[in-house]
Amino acid sequence: MTGEFVIAIVKTIVAVSTLMTLAALLTWAERKQSAVMQDRIGANRAAILGFRAIGLFHIIADAIKMMTKEDFVPPFANRFIHSLAPFLAIFPAIVAFAAIPMGDTVTLFGHTVEMRLAPMNIGFLFIFAMASVTVYAIVLGGWSSNNRFAMLGAMRAAGQMISYELALGLAVVGSVMVYGTLDLMEIARAQTGLFAGFLPNWGIIYQPLGFLLLITASIAETKRAPFDIPEAESEIIGCFLEYSGMKFGMFFMAEFVTTVVVAGLVSTLYFGGYQVPYLMADGFHLPFGLFLVTPAALVPWLQFGAFWIKVVFFCWLLLTIRWTLPRFRYDQLMHLGWKILLPLALFNVAATGAWILAAA
Amino acid sequence: MSQHALDRLTDELGGALLDSCSEHGDETACIEPGHLHRAARFLRDDPELEMNMLVDVTAVDRLGRDSRFDIVYHLHSLGRGHRIRLKVQASDSGEAEIRTLTDLWKSAEWLEREVYDMFGVRFEGHPDLRRLLLYPEFEGHPLRKDYPIDKEQPRLPDLAGYPEVDYDASEDAARLLKGMQRTLSPRLNGTAGRNGKVLHGAEAGLRSPVASGTDSRGRTRNLFLDMGPSHPAMHGTIRISVELAGERIVDSDVDIGYLHRGFEKMCENRSYAQSIIFTDRLNYVSPIINNVGWSLAVEKLLGIEVPERAAALRVLMSEISRIADHLTCVAAHSMETGAFTAFLYLIEAREELYKLLERVCGGRVTLAYSRVGGVAADLPDRFEFHLARALAKTREMMADVVKLLDGNRIFQDRMVGVGAISPKDAISYGITGPFLRSTGVSYDVRKAAPYSGYEKYEFEVPVGQNGDNFDRYLVRMEEIRQSMRIIEQAIAKQPEGPIQSEDPSVNRPPKSEVYTSIEGLMHHFKRTMSGHGTAPPTSEAYGYVEGGNGELGFYLVSDGSDTAYRAHCRAPCFAPMSALSSLIEGLTIADVIPTFGTVNMIGGELDR
Amino acid sequence: MGMIQSSIDALSGSVGLGKLDDLLGWARKYSIFQYPFITACCGMEYMSAACSHYDVDRFGAGLTRFSPRQADVLFVVGTITHKQAPYLLRVYQQICEPKWVVAFGACVIGGGPYENYAALQGIDKIIPVDLYIPGCPPRPEAVLDGLIKLQEKIQKAPHGRE
Ligand code: SF4
């Protein structure tokens, strides 16, 4: 019992710190990535002991500065709700990650450990439930700021997130039907082996449309450009405009944490999760009969690494999209959500159902 | 050619036409004040004249005369090319003596408000005669000759924001809030009481927006929002107050003047040569065009021409400036729609042009390149090489931006069909430049009334069809390409010769002489000493060029001294800004940004 | 508070920077969120400095926040007229501590060429200024120079003792 408890704690610490580090690194990556795309150099001056580490220390500088900045609560604002909102934003985002498997089971000191924070068979539902809590954070944040721009941003955010949650939920129903489970670990496991003899047997093969829908809807869900309507700086300055210091920092981080979660979800559903292409329990089975033996103890760790590499790749993809496209307008966003994504998602469900029936 | 207009007007008005004259090629008709409206309507509706655009309204303060003010109207027929100036006299009685022209031209609304603001002349029947550029607490009218140039009327006490100074901000805030509300149109600030709505003004943060969601009878209320003057998309200098039903704009008021820096008053207190530096700061994105416009207007007063090479250099440099202007405009509105990368690409291209300008003029933004009677400097060595490189870079960056934006569905959705205006309305608002051309009207001063030898260059005037944001974007992009064509022709066939006119009224000794000979030094000294500079004969002239945003005009009145008696700038972006309120009505708040962006408001020239 | 203080002290020891002041100074100078209060011609050069070619982001000053609550440095760029002045004061008052003000260009410093009824003759009449960048407009190089000087000033400020 104690052993399991310790393992749970260790797992949590490892996963949350990896998650937070990755999210923090993303802020750096976003800066550098945009710099590269825009022919710039980007932040690189902050140095510790003469090391510049290509600007990585700017993250530390940002964090320390934000923590020591004056904490401002607008007059006439509801102090409690105003302070609650940023926590409501970042907490569910982190917790949602618990359902995502980072690897298969490993045996450590005689314990079998599943590489996922919370073994649960309702993974999807949990993630969506947590995602919808974030709506409250933004609405409460915008409303309690007692500012018209913030209010407008909050209303936009609420409308946007509720609309896209629908498309988001329906997009993954296809996958649920294919694999017959809500458990993300099961889904990841099912994606082992090969398809047609040479392709990795990944979800994208069965659910290409689902993938596109999910990635579109989840960018909207994370409120990143081109869906950054609630934050549209040049229009309404954003729904967090009355937040200063670390509270603002938390909203900021929440966005990046959600990005990581989305990247994790996308790789789990459609890109084999922790599966390494051609890697079985005993080694690499390459096409044309090639076989490479790998020590069995190494396999879970290779998988763990593969998962994070996939996550990083999707984070990068999301960043690139962010710096390329202009912003939607509110009604266009609604149009896209309700009139395009939703019917497509319904179609995807129907088509998947028909396919499953036909196959049976 | 405008003589015809004058003749027709003489026939029509008979005795009401007090005087008419033709000076420097401008026809002027002085009219009895009571007949102004009739004359204007005749000029507009007469099928032979069709003066469909009211280009400008301004006034001249003839202090000491009985009817103290001359109110000056400039009319223009886009189709036929006629121009005419109308003048009426008004006294200082504070009565509304002159009938407004707002019912004939929409442009009159803001133009007359400006005259009221600056001179205190009232117009009878004007729907909304408020101050336009200055703030409501301001006392007096600054362009009157008896208003001292340095009489400040601060809104804040000195050291207001210093913590150690005992300053009650709340009292000031209350006073200012009142002032701010008074700058709004009565429609919006509640005094007109349309549906009993009250605008809370800039201090919205002091009241709960949530509590005011419904009124006492439980009906939903509209949200009032102040955008600006310190708002990321408002370029720091305007304020748009909007009334929102959800995201839709029901009503709006555009409040300008936050960058009113007294350009005209400054020019009336400095010599013609000194004033050039103020023209730089009108449209600071394309300063050389302003320099050229001012120089041409003064040269028109003087009746001189510049040498061929100087004219060619003016064309060359103006076009470089124009490219920088259009690049900045496209960059700014793409950034504001969220395409940040496109913004940086275009600014990168502009950077190359700035470096190019620096090689010639020695500065990057404020250049004072064109001088009365010529230009400041000749081209440096290897200029052609650097020019070719800068143009290549511009082309490359533009190609990238075209890839990023033109076919982009999101960008198109944001721009196509948004902020559209009909050609008729555009003309009535006095809109010129790329904005007017996007509606399909092909009016470009460089073609319609060529100056500096523009007739010698081959270029096309791109026009749009729908007059919407996307067409304005496309027109600007195409104009950049056409400007590059002009530049390439100008650099290929540079005429040889001097760059400064030898006319005794304007000639300046070359710097080499100034620094080495006593005669040169004395000559230079005399030229620049106050009271001895270029002094055009007593007369008046309206000179105009194609600015980055349209027709840029300078109306100068000389009293024979070396300082302009009256200097007025007809700012190209003034007209489209006066139309903004009607453009954004019914759109969503997100549409304000690209619409405002393609108007290309430049604070310096808008507020002067 | 004591605990945070001591842990910050410990942290500052571990990164080899010595005192808390130094650490805060170091963090604040490399994390400058600016509020650009741009009105006029100087904005053109501000743009140049902020964009790819000169890239103030290298110094950690690339992020602009249009909400004064989140900004650290108020860049006042371009002529401030009397009509505009109350808004500037208001934005200044809304910025959260610690804050710095940069006066960018001749107009902001002392009215510039506009010695007349309309322009405020220097913003230091109404708000305190930390750094002046002269020029009409200042060249981007001057802006970078000013930024480095501002960083020095931030580093030296008495952070721990507010
Ligand atoms: S300092 Fe010069 S460039 Fe800057 S705003 Fe003033 S006039 Fe314009």
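Each chain gets a letter, A, B and so on, in the order the sequences are listed, and its residues count up from 1.
A 6.0 Å sphere centred on CD of A:Gln332 holds more than 12 heavy atoms belonging to other residues, nucleotides or ligands. By the 6.0 Å contact criterion, CE on A:Met155 is open, its count of non-hydrogen atoms from other residues, nucleotides or ligands being 12 or less. More than 12 heavy atoms of other shown residues, nucleotides or ligands fall within 6.0 angstrom of atom CZ in A:Phe313.
Contact between A:Ser244 and C:Cys96 at its shortest, heavy atoms only, is CB-SG, 3.6 Å. Across all their heavy atoms, C:Ala27 and A:Lys65 have their closest contact at CB-N, 4.1 Å. Taking both residues in full, the closest heavy atoms of C:Phe59 and A:His58 are given as C-CE1, 3.9 Å, listed atom of the first, atom of the second, then distance.
How far CD of C:Gln70 is from OH of A:Tyr243: 11.0 Å, rounded to the nearest 0.5 Å. We find the CZ-OG distance between A:Phe248 and C:Ser67 to be 8.0 Å, quoted to the nearest 0.5 Å.
Looking at heavy atoms from C-beta onward, C:Tyr30 lies out of side-chain contact with A:Ile64 at the 4.5 angstrom threshold.
Residue A:Met67: no heavy atom, backbone or side chain, is found under 4.5 Å from chain C. The contact between C:Phe33 and chain A is made by backbone and side chain atoms together, counting heavy-atom distances below 4.5 Å.
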